[in-house]
Asks: 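Just dropping this structure here.
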Amino acid sequence: MKKILFLHGFYASGQCVPAMALREAFEGKAEVVTPDLPMHPHEAMEFISDLIDSEKPDLLVGNSCGAFYAQMMAPVKFIPALLGNPHFRMSEFLNKRIGQHEYKSPRKDGKQSFVIDEELVKEFAALEATQFDNCNPQFKDQVWALFGEQDSLAHFEPLFLKYYSHSFHFPGGHTPTAQEVRTWYVPLAEKLLIQ
């Protein structure tokens, strides 16, 4: 059975709506692994790298910050990726949100609140500076992106298309609903799995 690793957005967890919808849609067809990601970017990248080595997924699917991570991992680990509303400037997003926040879905460790501080913003800025360094021209057809036409947070299609060839649109916002995952994400994920 094929395996998909789903990487959630910054405020989310492995129990978020897109993760659950993906698991449900692929039940019996592919295993969907939906871990909670560490908050700090270098820890998250290390965690994802180790998880890829142990789980050996056939496809990465990321949303927002998770898509930011998936883009960096895909050409290094030679795994195709589907990026949902990738946020390639997380430092700008976080800089406007300094302070205490709550996760929007439950995390396995039980921690529901977190703090965005200037150090975290700097960590993301440092990673952003090198995020496209491992892009491989031979891999540019293996990373696809899906952009919500009502997305009010991330507008990075032009930047994505500097490095990759396949971009798609859906009529939703930044975080897809379960129905949008089934209608738009799943068919593209299925195509990437059989390439």
Side-chain angles (χ1 to χ4, degrees), residues 3-27 31-55 57 59-73 81-128 131 146 148 150-156 170 172-182 184-186 189:
K3 190 179 283 190
I4 298 168
L5 175 58
F6 177 80
L7 306 175
H8 62 74
F10 187 79
Y11 277 83
S13 74
Q15 305 301 307
C16 65
V17 168
M20 297 297 93
L22 206 62
R23 279 168 74 172
E24 196 177 289
F26 277 101
E27 197 168 343
E31 181 186 351
V32 181
V33 180
T34 63
D36 290 350
L37 301 177
M39 186 177 76
H40 291 270
H42 291 289
E43 283 175 42
M45 289 290 284
E46 200 171 293
F47 174 83
I48 295 163
S49 179
D50 290 346
L51 200 57
I52 289 170
D53 292 345
S54 63
E55 294 285 344
L59 175 66
L60 302 177
V61 177
N63 202 63
S64 188
C65 184
F68 166 68
Y69 294 139
Q71 184 284 132
M72 288 182 277
M73 282 292 171
L82 176 60
L83 315 180
N85 290 321
H87 206 308
F88 296 135
R89 295 280 180 269
M90 283 299 298
S91 62
E92 290 171 16
F93 172 81
L94 296 172
N95 202 34
K96 297 172 191 165
R97 292 166 176 84
I98 300 282
Q100 182 144 343
H101 298 271
E102 297 287 317
Y103 287 109
K104 293 180 180 174
S105 52
R107 289 177 68 93
K108 288 191 175 155
D109 63 9
K111 289 183 185 168
Q112 283 310 115
S113 63
F114 62 94
V115 174
I116 296 170
D117 58 21
E118 288 178 14
E119 189 53 44
L120 184 66
V121 173
K122 285 181 192 165
E123 288 173 30
F124 270 101
L127 194 56
E128 281 162 25
Q131 67 182 309
L146 187 54
Q150 308 302 315
D151 188 349
S152 59
L153 293 175
H155 305 280
F156 297 106
F170 74 104
H174 187 67
T175 303
T177 64
Q179 187 57 52
E180 287 165 348
V181 169
R182 288 189 288 270
W184 302 97
Y185 283 61
V186 169

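Basis for what follows: all heavy atoms, side chains included, without hydrogens, waters or symmetry-related copies.
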Asks: At what distance, to the nearest 0.5 angstrom, does CZ of F6 lie from CG of L37?
Replies: 9.0 Å

Asks: What closest approach, in Å, do D117 and L120 show between heavy atoms, and which atom pair accounts for it?
Replies: OD1-N, 2.9 Å

Asks: Applying ring pair (Phe, Tyr, Trp, His ring centres under 6.0 Å), can you list everything that pairs with Y69, at least two apart in sequence or on another chain?
Replies: none

Asks: Taking atom CD of E24 as the centre, report whether more than 12 heavy atoms of other residues, nucleotides or ligands fall under 6.0 Å from it.
Replies: no

Asks: How about Y103 and S13: do any of their side-chain heavy atoms sit closer than 4.5 Å?
Replies: no

Asks: Closest heavy-atom contact between E128 and S91?
Replies: OE2-N, 2.6 Å

Asks: I'd like to check N85 versus L153 (side-chain heavy atoms, cut-off strictly below 4.5 Å). Are they in contact?
Replies: no

Asks: Does any part of the side chain of F93, heavy atoms only, come nearer than 4.5 Å to the side chain of I116, both counted from C-beta?
Replies: no

Asks: For K3, does the NZ atom have more than 12 heavy-atom neighbours from other residues, nucleotides or ligands under 6.0 Å away?
Replies: yes

Asks: Is the F170 ring parallel, tilted or perpendicular to the Y185 ring (thresholds 30°, 60°)?
Replies: perpendicular

Asks: To check you understand the geometry: which heavy-atom pair defines the closest contact between D36 and G14, and what is its length?
Replies: OD1-N, 2.7 Å

Asks: Would you mind reporting whether F68 and M72 have side-chain heavy atoms less than 4.5 Å apart?
Replies: yes

Asks: Could you state the interatomic distance from NE2 (H87) to NE2 (H155), rounded to the nearest 0.5 Å?
Replies: 8.0 Å

Asks: Verify, without hydrogens or angle tests, whether E123 (side chain) and H42 (backbone) share a donor-acceptor contact under 3.5 angstrom.
Replies: no

Asks: Tell me the closest heavy-atom pair linking P41 and L127, and the distance in Å.
Replies: CB-CD2, 3.8 Å

Asks: Could I get the full list of side chain to side chain contact (heavy atoms under 4.5 Å, CB included) partners for S113, not counting sequence neighbours?
Replies: Q100, E102

Asks: Look up atom CE in M45 and atom CD in E43, then write down how far apart they are to the nearest 0.5 Å.
Replies: 13.0 Å

Asks: Measuring from atom CH2 of W184 to atom CG of L82, what distance do you get when rounded to the nearest 0.5 angstrom?
Replies: 13.0 Å

Asks: Between V61, N63, T34, which is the residue that forms a side chain to side chain contact (heavy atoms under 4.5 Å, CB included) with L22?
Replies: V61

Asks: Is any side-chain heavy atom of R107 closer than 4.5 Å to a side-chain heavy atom of H8?
Replies: yes

Asks: One pair to check against side-chain contact (heavy atoms from CB on, under 4.5 Å): H174 and S152. What are the steps and the verdict?
Replies: CA-CA 7 Å; H174 187 67; S152 59; 5.7 Å; no

Asks: Using modelled atom types only, decide if a donor and an acceptor are shared between the side chain of Q71 and the backbone of P86 within a distance under 3.5 Å.
Replies: no

Asks: Check the orientation of Y11 and F114. Use parallel for under 30°, tilted for 30 to 60°, and perpendicular for over 60°.
Replies: perpendicular

Asks: Identify the two heavy atoms, one from H101 and one from R97, that lie closest to each other, and give their separation to 0.1 Å.
Replies: NE2-O, 2.5 Å

Asks: Is it true that, when you exclude Q112 itself, more than 12 heavy atoms of the residues, nucleotides or ligands shown sit nearer than 6.0 Å to its CD?
Replies: yes

Asks: Could you please spell out the steps behind the side-chain contact (heavy atoms from CB on, under 4.5 Å) verdict for V17 and V181?
Replies: CA-CA 9 Å; V17 168; V181 169; 5.9 Å; no

Asks: Rounded to the nearest 0.5 Å, what separates atom CD in E31 from atom CD in E55?
Replies: 6.0 Å

Asks: Answer yes or no: is there a side-chain heavy-atom contact under 4.5 Å between M39 and F10?
Replies: yes

Asks: So which heavy atom on P38 is nearest to which on A44, and how close?
Replies: O-CB, 3.6 Å

Asks: Could you measure the distance from the CE atom of M90 to the OG atom of S64? Nearest 0.5 Å is fine.
Replies: 5.5 Å

Asks: Report yes if the side chains of R23 and E27 come closer than 4.5 Å at any heavy-atom pair, otherwise no.
Replies: no

Asks: Are V33 and P57 side-chain neighbours, meaning at least one heavy-atom pair lies under 4.5 Å?
Replies: no

